[in-house]
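Written out below as structure tokens is the structure these notes cover.
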Amino acid sequence: MTDTAFTAFDHLCMAQALRLAERGAYTTKPNPMVGCVLAKGEQVVGEGWHQRAGEPHAEVLALQAAGDNARGATAYVTLEPCAHTGRTGPCADALIAAGVSRVVAAMRDPFPQVDGAGFDKLRAAGIEVASGLLEAQARQLNRGFLSRIERKRPFVRIKLATSLDGRTAMANGDSKWISGEASRLDVQHWRARAGAILTGAGTVLADDPSLTVRLGDDTPFVAPLRVVLDPGLATIARGRVREGDAPTLYIHMADAKPPREIQAQRAVAPTLDGRFDLKAVLELLAARDVNEVQIEAGATLAGAFIAAGLADEILLYVAPVLLGDQARPLFGGLGIQDMQQRANLKIVDARVIGQDQRLLLQPIPAA
């Protein structure tokens, strides 16, 4: 069924379900964000959103809110109701038991244990099922989860701060601070929704980042995994990235020799031409249920993800400053020699954050 077959009220209810789902952006990972609205006639009788992995799903919370009013109601849900038992019971069963008469889903769930089984179970119980309402918006909301399930790798966002002349640090590596305080706080919200924050050993040695989420208030979040690409484990015994409660994973090459006295999460990644196989690195993180990776690294590693075609999004803060032509560039190693080889980007969003301009860009695949 297409959007044109749905009523204006259907659209309103699904839009509200999507808004509810987004409330779980910092806490549901690795689960998808899901919202649910129950309506009888044109009256909303219950709402719910999935708040944290292992806790009740959106449909169950909406049914609890609706009580007896759920019987004969329409359930608007942003993702196909699950049909399997994980840490919670099947939502399809809960909807059937509550006596809803119709389920409208934004999209099918490609997770192998669902993938149409929820719809089949609902239809077998005599419930009318329709899907595809605001599907593009639902896919955008859960782009990380969908990337992990469909592409077997996380969604990759590269975060950078630059001067107006496209420089990220002085020649000596000093980069504190190019962007303003408002931009640095804004970054924390993007970190909070990420499943992992990834950097390289060079950044750890030069900048000593903590790679933690600091929202400045009591907003709940699940701390992202901190990932350091460190071929020889040169940083495993040092740096703030080892401190605090957030977990840290060191990805290294097979011949690295870790110090015996250091206890840390480690994983070996394969190499290509003496460098990490970045696609394999992402697959390794997907196997650890990481939906979104935020890259916060120098020009070499950022450029490597661009060159490999593995960057899905670039989060760029442009500060109204000039650093000069001796300062370090945004990306290294792209090997662009002429205009025909240029990397084209699409501006998805542009807004002012404090004194800076924030651009959200997507690479445009070569024709």
Side-chain angles (χ1 to χ4, degrees), residues 25-31 52-54 86-87 144-145 147-149 151-159 187-188 190-215 220-272 274-298 300-302 304-305 308 310-311:
Y26 301 166
T27 56
T28 63
K29 54 193 173 186
N31 287 2
R52 191 176 289 267
R87 285 191 278 179
F145 171 77
S147 177
R148 175 168 64 87
I149 300 302
R151 299 191 296 177
K152 311 303 180 188
R153 72 162 179 84
F155 183 91
V156 175
R157 179 185 308 108
I158 299 176
K159 171 264 169 184
V187 168
Q188 302 304 317
W190 291 92
R191 282 184 175 183
R193 66 167 290 146
I197 304 170
L198 185 148
T199 195
T203 297
V204 172
L205 294 173
D207 298 338
D208 193 19
S210 61
L211 300 183
T212 54
V213 175
R214 301 179 297 279
L215 295 174
F221 64 89
V222 175
L225 175 69
R226 297 177 290 188
V227 180
V228 181
L229 295 189
D230 189 346
L233 292 173
T235 67
I236 196 168
R238 67 183 77 186
R240 292 190 297 163
V241 76
R242 298 176 62 247
E243 300 172 357
D245 297 330
T248 303
L249 172 68
Y250 293 86
I251 297 180
H252 59 91
M253 293 183 179
D255 58 356
K257 296 190 169 30
R260 290 184 179 179
E261 67 276 11
I262 301 297
Q263 299 297 317
Q265 289 190 64
R266 296 185 291 106
V268 175
T271 59
L272 284 174
R275 297 184 178 183
F276 282 120
D277 179 344
L278 296 180
K279 185 172 183 292
V281 167
L282 294 178
E283 291 170 350
L284 184 155
L285 295 178
R288 291 173 177 254
D289 290 337
V290 172
N291 293 334
E292 290 187 17
V293 174
Q294 183 152 307
I295 311 293
E296 298 195 16
T300 300
L301 188 54
F305 274 95
L310 296 171

Worksheet item: What residues form a side-chain contact (heavy atoms from CB on, under 4.5 Å) with A269, not counting sequence neighbours?
Response: I251, F276, V281
Fill in: Residue pairs passing the side chain to side chain donor-acceptor pair (under 3.5 Å) test where at least one lies in residues 238-250, sequence neighbours excluded
R226-T248
Worksheet item: What residue pairs, at least two apart or across chains, pass salt bridge (charged side-chain N to carboxylate O under 4.0 Å, His left out) with a residue in residues 276-287?
Response: K279-E283
Worksheet entry | V222 backbone acceptor or donor facing T27 side chain under 3.5 Å | no
Item to complete: Walk me through it: do V290 and L249 pass the test side chain to side chain contact (heavy atoms under 4.5 Å, CB included)?
Response: CA-CA 12 Å; V290 172; L249 172 68; over 6 Å; no
Practice prompt. Return the set of residues passing side-chain contact (heavy atoms from CB on, under 4.5 Å) with R275 (not counting sequence neighbours), or none when no residue passes.
Written response: none
Worksheet entry | Test side-chain hydrogen bond (donor to acceptor under 3.5 Å, both in side chains) applied to S210 - qualifying residues, sequence neighbours left out | T212, R214
Worksheet entry | Which residues share a salt bridge (charged side-chain N to carboxylate O under 4.0 Å, His left out) with R151, sequence neighbours left out | D312
Worksheet, complete the sentence: Rounding to 0.5 Å, atoms CZ (F145) and CG (D289) come to a distance of 9.5 Å
Worksheet entry | side chain to side chain contact (heavy atoms under 4.5 Å, CB included) between R266 and L233, worked out | CA-CA 9 Å; R266 296 185 291 106; L233 292 173; 3.9 Å; yes
Worksheet entry | Pairwise distance CG(D208) to OG1(T203) - rounded to 0.5 angstrom | 11.0 Å
Worksheet entry | Residue list, side-chain hydrogen bond (donor to acceptor under 3.5 Å, both in side chains) with D207, at least two apart or on another chain | none
Discussion item. For A286, give me all partners under side-chain contact (heavy atoms from CB on, under 4.5 Å), at least two apart in sequence or on another chain.
Written reply: R148, P154
Worksheet item: Roughly how far, to the nearest 0.5 Å, is CG of L278 from CG of L301?
Response: 6.5 Å
Worksheet entry | Steps toward side chain to side chain contact (heavy atoms under 4.5 Å, CB included) verdict (D230, V204) | CA-CA 9 Å; D230 189 346; V204 172; over 6 Å; no
Discussion item. According to side-chain contact (heavy atoms from CB on, under 4.5 Å), who are the partners of K159, at least two apart in sequence or on a separate chain?
Written reply: V187, Q294, E296, L315, Y317
Item to complete: Output all residues satisfying side-chain hydrogen bond (donor to acceptor under 3.5 Å, both in side chains) with Q265, sequence neighbours left out; order by chain, then residue number.
Response: R288
Item to complete: Go through the steps for L198 and L229 under the test side chain to side chain contact (heavy atoms under 4.5 Å, CB included), then give the verdict.
Response: CA-CA 7 Å; L198 185 148; L229 295 189; 4.0 Å; yes
